Amino acid sequence: MRISGAESHIMEALWASGPLTADGVFAEVGAAQGWAPGTVKTLITRLLKKKAIEGRREAGGYAYHPLVSRDDYVQGESRSLVDRLFGGEVAPLVAHFAEHRALSDKDLEHLKALVARLDKDRDG
């Protein structure tokens, strides 16, 4: 399932604060994005058609909640990015960031710890 950049704002609001009504989604992201309430409702409708969210009738109207977890979404998007841009290989992705975006000391520490953990898991 492909979720557009605009739709991902709706999903982030639902993952963080859901379930939300359309008005609640608008309050969370609509104004910050410069969207009208109708735009938020259109994005909700798209996500409903994609079966990324579902709505349930509650006291305040329909409340929407995600049907896909954020972890599953991030995993799918990450895999798609690596496949499309780097032939399915992670090392060129990391090299790209290292060459084109300054990595902080914290980034380097995390990468070193990750490599050490992966080595240990592979050997152990």
Side-chain angles (χ1 to χ4, degrees):
M1 155 186 346
R2 297 290 304 154
I3 294 174
S4 72
E7 293 164 350
S8 72
H9 290 288
I10 306 296
M11 295 300 294
E12 289 291 347
L14 294 174
W15 287 318
S17 305
L20 294 169
T21 63
D23 289 340
V25 172
F26 177 75
E28 290 284 323
V29 297
Q33 296 299 318
W35 295 337
T39 302
V40 170
K41 289 178 183 175
T42 297
L43 293 169
I44 288 171
T45 300
R46 288 183 194 169
L47 289 166
L48 287 165
K49 287 180 182 177
K50 292 178 180 184
K51 304 225 184 290
I53 64 173
E54 76 175 0
R56 291 188 185 145
R57 182 170 291 284
E58 295 186 2
Y62 273 90
Y64 301 96
H65 66 92
L67 293 175
V68 60
S69 73
R70 187 173 192 289
D71 286 343
D72 288 344
Y73 169 71
V74 169
Q75 182 177 5
E77 287 294 304
S78 299
R79 183 174 293 131
S80 175
L81 174 78
V82 170
D83 288 347
R84 280 184 292 119
L85 300 179
F86 300 99
E89 296 184 25
V90 175
L93 169 72
V94 175
H96 173 79
F97 280 109
E99 293 169 4
H100 299 285
R101 182 177 176 181
L103 295 176
S104 69
D105 290 341
K106 185 177 180 181
D107 290 333
L108 291 172
E109 287 176 29
H110 283 128
L111 287 170
K112 287 176 185 177
L114 174 61
V115 169
R117 189 180 84 232
L118 292 171
D119 279 343
K120 181 180 178 186
D121 289 350
R122 187 173 293 168
D123 294 340

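The first residue in the sequence is number 1, and the count goes up from there. All values reported here derive from a predicted model rather than from experimental measurement.
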Count I, L, V, M, F, W, Y as connected when their side-chain heavy atoms are under 4.5 Å apart, and connections chain through other members. Are Tyr73 and Leu81 then in the same cluster?
no
Salt bridge (Lys or Arg N to Asp or Glu O under 4.0 Å) filter on Lys41, not counting sequence neighbours, yields none
Could you please spell out the steps behind the side chain to side chain contact (heavy atoms under 4.5 Å, CB included) verdict for Trp35 and Leu43?
CA-CA 11 Å; Trp35 295 337; Leu43 293 169; 3.7 Å; yes
Check salt bridge (Lys or Arg N to Asp or Glu O under 4.0 Å) between Glu109 and all other residues, then give those that pass, not counting sequence neighbours.
none
From CA spacing to verdict: side chain to side chain contact (heavy atoms under 4.5 Å, CB included), Val29, Ile10:
CA-CA 7 Å; Val29 297; Ile10 306 296; 3.9 Å; yes
Could you list the residues that satisfy salt bridge (Lys or Arg N to Asp or Glu O under 4.0 Å) with Arg56, not counting sequence neighbours?
Glu54
Can you name the closest pair of heavy atoms from Ala52 and Ile3 and give their distance?
CB-CD1, 4.3 Å
What residues, two or more places apart in sequence or in another chain, satisfy side-chain hydrogen bond (donor to acceptor under 3.5 Å, both in side chains) together with Arg2?
Glu77
Out of Ile44, Leu47, Leu20, which residue meets the side-chain contact (heavy atoms from CB on, under 4.5 Å) rule with Leu14?
Leu20
Restricting to non-hydrogen atoms, name the atom on Pro37 and the atom on Phe26 that form the minimum distance, rounded to 0.1 Å.
N-CE1, 3.7 Å
Between OH of Tyr64 and OG1 of Thr21, what distance do you get to the nearest 0.5 Å?
8.5 Å
Here the side-chain hydrogen bond (donor to acceptor under 3.5 Å, both in side chains) pairs for residues 84-100, sequence neighbours left out, are Ser80-Arg84
Would you say Leu114 ends up clustered with Val94 if hydrophobic residues are merged whenever their side chains have heavy atoms under 4.5 Å apart, either directly or through other cluster members?
no
Taking Leu67 as the starting point, is it possible to reach Leu48 by hopping between hydrophobic residues whose side chains are less than 4.5 Å apart?
no
Main-chain N/O of Val68 paired with Trp15 side-chain donor or acceptor, under 3.5 Å
yes
Under the criterion side chain to side chain contact (heavy atoms under 4.5 Å, CB included), I'd like the reasoning laid out for Glu12 against Arg70: C-alpha separation, chi angles, the key distance, then a yes or no.
CA-CA 8 Å; Glu12 289 291 347; Arg70 187 173 192 289; 3.0 Å; yes
Do Val90 and Val115 belong to the same hydrophobic cluster, where Ile, Leu, Val, Met, Phe, Trp and Tyr are linked whenever their side-chain heavy atoms lie under 4.5 Å apart, directly or via other members?
no
Measuring from Leu108:CG to Lys112:NZ, what's the distance to the nearest 0.5 Å?
6.0 Å
How close do Gly30 and Val40 get, heavy atom to heavy atom, and via which atoms?
CA-CG2, 4.0 Å
Give, for atom CZ of Arg46 and atom NZ of Lys50, the distance between the pair rounded to the nearest 0.5 Å.
7.5 Å
By side-chain hydrogen bond (donor to acceptor under 3.5 Å, both in side chains) - contacts of Asp72 (at least two apart):
Ser69
Check the hydrophobic clustering (I, L, V, M, F, W, Y; side-chain heavy atoms under 4.5 Å; chains of links allowed) and say if Val74 and Ile53 are grouped together.
yes
